[in-house]
Amino acid sequence: MKHLTRRSFSSLTTKGVIGTALFGSIALAKGFTTGQDNKKLGIALVGLGSYSTYQLAPSLLETEHCYLAGIVTGTKEKQAIWSNKYNIPKKNIYNYENFDTIVKNDDIDIIYVVLPNSMHKDFCISAAKAGKHVICEKPMAVSVEECDAIINACKENNVKLGVGYRMQSDPCTHEVKKYVKEKTFGDVLFVSSDAGYVSNGNPDQWRLNKSLSGGGALMNMGVYAIQTSIYGVGQNPISVSAQEFSIRPDYFKDTDETITAQFKFANGAVAQMMTSHNANGNRLKVHCSKGWFELDPAHSYGPISGRTSNGNTIEFPFKKQQALQMDDFAKHVLLNTENIAPGEMGKRDMIIVEAIYKSILEGGKEQELSLGNLGIVS
Ligand code: NAD
């Protein structure tokens, strides 16, 4: 851990984040005390691919409650580059073989797993066993069973678990949730959500290899469309039907190219989502009884923005979503604030992913879902 500046600490207090009730044992146990002796949590990134390099590490220069303390990489050349660029001491640099020894390193409070999807489970479990809090990139794993294994390991080792759902920390998402909750535009009747891009890269990349990715567009951008469908309605769906399409089967040999799915909700609302590795999509539109609102762009790194049927725009001053997300998790660890992307949310989305694949296998048959409020946060 390292020191928070007095400015960042006072911004926490003025936002009312540190109430007397919250400023309890967890904060004190982490050395988060009053005055100048305030700490930032140390994060170690596991896997220094494009997301860590271009999004997470730069965002960690903007975070107020955590910082880049360590790295875990299988590529020796990256060690010196990252060490120089981010001032990371040699003792905080690990490879996949000596990763388990991170247990002894007090500089590392949180391990953030940013590896291909099928590797999330083992590294998250090792991180939990090392007594470190865990952030797992999305999709949380490649099956519901693996999500359960990660959740259980974190519970058994008494560490906190978050999923890398950056959109949950974006102020536009909070605004959408507020409209839905307060019925600003009446009852939600229909939601449409698209999340996709055109993939033309190396056909041998891990995202197109099912054993590493667990699936194609659905496992990648699809989880965002599932998420927007859910917070667009404000509750979990009770059933899903899905279809798969491919017009480039030579390229998408092993993974899904384009998937559409329809969700039914207990309140009568319906949602339609599209995700693709061969069509662009980046939109959420919520149709209500007294108007509508939309985000377009809705799923990219930002700034995202939108508009409403009463002529207003939805936009906020830009701050990197990943910085907001990692600070939200650090505050959850330090101050026991709400975990806004808990493991249960990642598991809920994987239950839906599995139901979508099952529906496709069964020719689009409607699949019932018994999710209750799993993964719903305020
Ligand atoms: P990437 O291919 O750029 O990086 C993958 C990293 O894993 C590399 O450092 C690579 O060396 C390492 N690796 C270790 N074993 C590997 C193996 N067998 N095959 C391939 N790579 C291996 O991928 P990325 O875009 O950084 O994605 C990593 C994770 O982050 C994925 O789970 C992805 O879904 C997630 N991600 C999330 C977002 C988001 O918006 N939240 C965005 C991008 C990626």
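Worth saying up front: this structure is predicted, and the values here are computed from it rather than measured. For ligands, and for the atoms within them, numbers begin at 1 and follow the listed sequence.
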Worksheet entry | Non-neighbouring partners of Gln168 that pass side chain to side chain donor-acceptor pair (under 3.5 Å), sequence neighbours left out | Lys177, Gln227
Look only at interatomic distance and state if [X] has a nitrogen or oxygen under 3.5 Å from any nitrogen or oxygen of ligand 1.
| X | answer |
| --- | --- |
| Gly49 | yes |
| Ser52 | no |
| Pro116 | no |
| Tyr51 | yes |
| Lys138 | yes |
| Arg207 | yes |

Worksheet item: From Ile88 CD1 over to Ile71 CD1, what is the distance, rounded to the nearest 0.5 angstrom?
Response: 4.5 Å
Worksheet item: With the threshold set at 4.0 Å, does a side-chain nitrogen-carboxylate oxygen contact exist between Arg307 and Glu294?
Response: yes
Worksheet item: Does the protein put a heavy atom less than 4.0 Å from atom 10 (C) of ligand 1?
Response: no
Item to complete: Could you check whether the rings of Tyr179 and Phe293 sit parallel, tilted or perpendicular, using 30° and 60° as the cut-offs?
Response: perpendicular
Worksheet item: For the ring pair Tyr112 and Phe329, is the centre-to-centre distance below 6.0 Å?
Response: no
